[in-house]
Amino acid sequence: MTELHGAAKASHGAAGTLPPPSFSPLYRQIKDLLLQKLQAGQWQPGQAIPSEMELSQQLRVSQGTVRKAIDELAAENLLVRRQGKGTFVATHSEQQVQYRFLRLRPDAGDLDEEGAAQRHILQCKRSRASAELAAQLGLRSSDAVVHIRRTLSMQGVPSVLEDIWLPGNTFKGISTEQIASYPGPTYALLEKEFGVRMVRAVEKLKAIAAPDAQTAALLQVPPGSPLLAVERLAYTYNDVPMEVRHGLYRTDTHHYLNELN
């Protein structure tokens, strides 16, 4: 951590002067180092990280500085604290995390009563990225993408129609059978089999009418029925875009829940 101390000291400049705009608090520098370890796969999803005391000794900073860095990573759902057990790398396989990115909730009852959504994969094929997809995923227009189309059914009723695009080189070999047979969330599959963890997403929501007869048939609604259109761009560590997702949601028996903190 000598370089961190040196950088922090230099950023203060002469006594009594204000730090330059590029000044980064020491706990933020520690947070960035921990994030680099997560991104490099030094600690795998579900694995315990070293204790705050061990990290403070390794990095030569106070335990309070490490705790503040871990607090921020936990608030961002990258780490999970477990009372009496330690701090673990968050994983999409954990029960409490599985529904983090699925915001559709039943109007009556809750998700536990409703049970897991049933996936039906309509297609999984490779194609060339359009200019728009390439820009969103940080690719070239000639690069390959994987296009997945599927429906999600709640208690046997088709409720979501999704088109998902993933970078082809990162997810080489992904197949319809693999996605359909995986027992957990798709994000858990991407994490386990391809080493990519989605850590945050930006969404745009808009009310629309069912755009065509095929969409209406797949969702089992009359043509022109009201739907909620959700466009998502999901990122892995260090804000690297990894997924574009367009979803059409039925909201006659469900609603879209967003918690604001």
Side-chain angles (χ1 to χ4, degrees), residues 45-46 74-78 80 82 90-124 147-166 176-192 197-235 242-261:
E76 295 169 7
N77 295 298
L78 302 182
V80 177
R82 295 178 185 162
T91 169
H92 289 287
S93 297
E94 292 186 67
Q95 184 65 33
Q96 65 267 33
V97 183
Q98 285 188 7
Y99 298 124
R100 180 182 166 210
F101 289 93
L102 179 60
R103 312 307 300 170
L104 199 64
R105 299 291 188 270
D107 291 338
D110 56 34
L111 284 174
D112 290 333
E113 295 174 0
E114 185 174 59
Q118 302 90 50
R119 293 187 296 261
H120 178 56
I121 310 302
L122 301 171
Q123 74 170 36
C124 177
H147 178 202
I148 301 164
R149 171 167 262 217
R150 69 179 187 180
T151 58
L152 298 178
S153 296
M154 310 297 184
Q155 295 186 324
V157 179
S159 301
V160 183
L161 172 63
E162 290 184 319
D163 286 286
I164 300 169
W165 292 272
L166 304 168
T176 298
E177 295 75 16
Q178 187 180 31
I179 301 168
S181 63
Y182 189 76
T186 300
Y187 280 173
L189 166 68
L190 302 183
E191 175 184 274
K192 179 181 179 181
R197 182 169 190 273
M198 305 301 182
V199 299
R200 77 176 188 93
V202 176
E203 292 187 332
K204 295 190 296 184
L205 284 70
K206 189 175 184 179
I208 68 167
D212 51 55
Q214 182 187 36
T215 297
L218 288 171
L219 289 173
Q220 296 181 9
V221 296
S225 293
L227 300 172
L228 184 65
V230 181
E231 295 185 11
R232 174 188 298 174
L233 182 58
Y235 299 83
M242 274 291 164
E243 178 202 51
V244 172
R245 182 180 298 215
H246 293 174
L248 295 176
Y249 292 63
R250 285 181 56 169
T251 57
D252 48 340
T253 59
H254 290 71
H255 59 273
Y256 197 92
L257 177 67
N258 196 11
E259 299 178 9
L260 303 177
N261 296 317

Heavy-atom closest contact ([X] atom, [Y] atom, distance):
| X | Y | answer |
| --- | --- | --- |
| H255 | P106 | CE1-O, 3.3 Å |
| Y187 | A234 | OH-CB, 3.8 Å |
| A90 | V80 | CB-CG2, 3.7 Å |
| A209 | G224 | CB-O, 3.5 Å |

- Query: Donor-acceptor pair, Q118 side chain versus G156 backbone, under 3.5 Å?
  - Reply: yes
- Side-chain (S159) to main-chain (V157) donor-acceptor, under 3.5 angstrom: yes
In Å and rounded to the nearest 0.5 Å, what is the [atom1] to [atom2] distance from [X] to [Y]?
| X | Y | atom1 | atom2 | answer |
| --- | --- | --- | --- | --- |
| L190 | I164 | CG | CD1 | 8.5 Å |
| Q123 | I148 | CD | CD1 | 9.5 Å |
| C124 | H147 | SG | NE2 | 9.5 Å |
| R150 | T176 | CZ | OG1 | 12.0 Å |

- Among H246, R250, R149, H120, which residue meets the side chain to side chain contact (heavy atoms under 4.5 Å, CB included) test with L161?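 Output: one option passes, namely R149.
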- Task: Not counting sequence neighbours, list each pair that qualifies as a salt bridge (Lys or Arg N to Asp or Glu O under 4.0 Å) and has a residue in residues 210-231.
- Result: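 Salt bridge (Lys or Arg N to Asp or Glu O under 4.0 Å) check on residues 210-231 returns K204-E231.
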- Would you check, one step at a time, whether the test salt bridge (charged side-chain N to carboxylate O under 4.0 Å, His left out) holds for R245 with E162? CA-CA 7 Å; R245 182 180 298 215; E162 290 184 319; 3.1 Å; yes
- Item | Geometric class of the Y249/Y256 ring pair [parallel <30°, tilted 30-60°, perpendicular >60°] |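 Perpendicular.
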- Message: For the CD atom on Q178, are there more than 12 heavy atoms of other groups (residues, nucleotides or ligands in this structure) within a distance under 6.0 Å?
- Response: yes
- Task: Could I get the full list of side chain to side chain contact (heavy atoms under 4.5 Å, CB included) partners for A180, not counting sequence neighbours?
- Result: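 Result, side chain to side chain contact (heavy atoms under 4.5 Å, CB included) vs A180: I121.
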